[in-house]
Amino acid sequence: MTFRLYDTATREVRDFVPLHEGEVGLYVCGLTVQSEPHVGHVRSGVNFDVLQRWLRAKGFAVTFIRNVTDIDDKILIKAADQGRPWYNLAGDMHRELTRAYESLNVAAPTYEPLATGHVPEMIELITDLIEAGHAYPATDGSGDVYFDVRSWADYGSLTRQGVDDMEPAADADPRGKRDPRDFALWKGRKESEPETASWPAPWGRGRPGWHIECSAMAGKYLGPAFDIHGGGYDLRFPHHENEQAQARAAGRPFASYWMHNAWITTAGEKMSKSLGNSLTIPAVLERYRGIDLRYYLVSAHYRSHVEFSFDALTEAATAFARIEHFLDRAGEVKVDLAALPDAFVAAMDDDLGTATATAVLHDTVREGNRALAAGEDASGAAIAVRTMLDVLGLDPADPAWAVTTGDDDKLTAAVDALVKGLLHERTVARAEKDWARADAIRDRITDAGIEVTDTPDGPTWTVN
RNA sequence: GGUGGGUUGGCCGAGAGGCGAGGCAACGGACUGCAAAUCCGUCUACACGGGUUCAAAUCCCGUACCCACCUCCA
């Protein structure tokens, strides 16, 4: 079956045709590492991880590049406020981001390039643009280099905007621009900025403009033309529009498809605008497992706006527990891509329809539970369920989750010994039909935060 | 001013001309000493007003409300 995806550039769902058969070059704009990652940030990570996993499941060899922006205005400002070097802030936040991705089982990309590691590639690209007449060094001696928006007729095509309809940039510093809409490729160093935040260039010391890094890095690792470029919805303009303009103006065809994930908001407001301290990943993971948060994110389509709430997250965790419980009851099975239900494949092939795919997952769980209730073999359903979860990055048996569960084996063994002793006493009481004593023992265990479940094979316990 | 998106049952959340997505919650039943889990059943929704059509949540026109982007936000 053909994979189809919604292309932001054409505003329609269309067949995915790779440039090279069997291969996919995927570039995703990662984060600017300036603060702790929140739920909204990782949605992008999870969405594109699902894309990458699905493409691999379909047999594509995927080269996945997801960058990290480790130098920009905000990093410099925040680091200065905190009284520490900008690279220390960027480094710390980068580690936080990696931890957040790991705790949500977001697979590492093929490579995660840093902006600061690719200044020569950017200088090369900027030089090409100047030679082609699409960029110019500012005449005011600032050392800035700008992209000449008026020189590129196609400018605005990605977001269907005419240059004349755009609001002129309100940003304070139009030093040396020919047109207010021209954007910086290179920013000359200002006296107020640390020496470490500048690199030598033909136009004087300075640092990269925001957009140039992605064009340069995508070009380096994926070539002048590649398949899919992704990122958050807000990056369409100016970031992606500018990336495309500067790459194409330099003679590189750039991305064939553009994908953008929608927002997570709180109280109807963009997360980055709300305070959202309780919504950083470390804070959320104090209350919920990573796998539950991932399920919550995956159960909505990537282009749907999600209004975040802890109630909805709790509901998602309950729904996911139902799936896990079925797998527990059905016993061990192996992942087998051939076992994916047709409806699941169709849903995923249709622009990554994870919400519909989730419905198939639940249908299969019910089918399996029905078989178990009838005393029949449920291994077929179990294999299908586990494989679907695997494709979505939600397989509970994936060792990746062990990172967050942090089980202390010794402690577990000790508790197990104690609880088993009590459960044995209860089993004896039940055998004597001494229900009062049996329930008293269970209450004691429950009070300790442990849940007892009776099964045909005897009682089991889990920590709440 | 320009560009784009949204409004679906108690709640979350799919679908995009006909065939009740799915989950959560609730209620009834089965099973269980009681629970839990599970199974069966019940709850027939698409912002509003027109229109097109044999048939509209879905297409068209209008209205209301909400949201995003318009030069360094996932």
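Within every chain, numbering begins at 1; the chains are lettered A, B, ... in the order of the sequence lines, protein sequences first and strands thereafter.
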Base [N] to side chain [X], donor-acceptor N/O within 3.5 Å cut-off:
X	N	answer
A:R322	B:rG23	no
A:D164	B:rG2	no
A:Y233	B:rU3	no
A:D454	B:rC34	yes

Mind telling me whether [Y] and [X] have parallel, tilted or perpendicular rings, with 30° and 60° as the class edges?
X	Y	answer
A:W258	A:F254	tilted
A:Y27	A:F226	tilted
A:H362	A:Y295	perpendicular

Taking atom types as modelled and ignoring hydrogens, do the side chains of [X] and [Y] form a donor-acceptor contact shorter than 3.5 angstrom?
X	Y	answer
A:Y302	A:D351	yes
A:T280	A:H38	no
A:Q34	A:T32	no

Reckon [X] has a side-chain N or O less than 4.0 Å from the OP1 or OP2 of [N]?
X	N	answer
A:R370	B:rC40	yes
A:H41	B:rA74	yes
A:S299	B:rC12	no
A:R11	B:rU3	no
A:N261	B:rA74	no

Taking 4.0 angstrom as the limit, do [X] and [Y] come out as a salt bridge?
X	Y	result
A:E193	A:R207	yes
A:R426	A:D434	no
A:R53	A:D49	yes

Consider the side chain of [X], meaning its heavy atoms from C-beta on, and name the nucleotide among [options] that approaches it most closely.
X	options	answer
A:A373	B:rC73, B:rC69, B:rC39	B:rC39
A:R366	B:rC34, B:rG22, B:rA74	B:rG22
A:T318	B:rA25, B:rC39, B:rC70	B:rA25
A:R160	B:rG15, B:rU3, B:rA35	B:rU3
A:M166	B:rU71, B:rA74, B:rC24	B:rU71

Measuring only the [atom1] atom in each nucleotide, how far is [N] from [M]? A whole number of Å is fine.
N	M	atom1	result
B:rA57	B:rG9	C1'	12 Å
B:rA35	B:rG28	P	13 Å
B:rC24	B:rC61	P	40 Å
B:rG2	B:rU8	P	28 Å
B:rC73	B:rC19	C1'	44 Å

Give one of base, sugar-phosphate or nothing for [X], where a contact means two heavy atoms less than 4.0 Å apart.
X	result
A:H260	nothing
A:I264	base
A:V149	nothing
A:R43	nothing
A:N369	sugar-phosphate
A:R426	base
A:A319	sugar-phosphate

Nucleotide [N], atom [atom2] - distance to [atom1] of [X] in whole Å:
X	N	atom1	atom2	result
A:E241	B:rC70	CD	P	13 Å
A:D72	B:rC73	CG	P	7 Å
A:D165	B:rG1	CG	C1'	8 Å
A:E315	B:rC12	CD	P	8 Å
A:R303	B:rA68	CZ	P	19 Å

Query raised in the report: Taking for each residue the nucleotide of RNA chain B with the nearest heavy atom, is it A:Y155 or A:Y302 whose nucleotide lies nearer the 5' end?
Result: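 Counting from the 5' end, the first nearest nucleotide belongs to A:Y302.
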Query raised in the report: Which residue, A:S309 or A:A438, contacts RNA chain B at a nucleotide closer to its 5' end, judged by nearest heavy atom?
Result: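 In this pair, the answer is A:S309.
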**Report entry** Assigned partner base of B:rC34, Watson-Crick or wobble definition, under 3.5 Å
**Finding:**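 Per the H-bond distance test, none.
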Query raised in the report: If pairing requires Watson-Crick or G-U wobble contacts with both distances under 3.5 Å, which nucleotide is the partner of B:rG62?
Result: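 Check on B:rG62: paired to B:rC48, both distances under 3.5 Å.
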Query raised in the report: What residues in residues 384-393 of chain A put a non-hydrogen atom under 4.0 Å from any atom of RNA chain B?
Result: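 Of all residues in residues 384-393 of chain A, none places a heavy atom under 4.0 Å from RNA chain B.
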Requested in this report: Measure centre to centre between the rings of A:H305 and A:W263, then say whether the value is under 6.0 Å.
Outcome: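 Not close enough - the centres of the two rings lie 6.0 Å or further apart.
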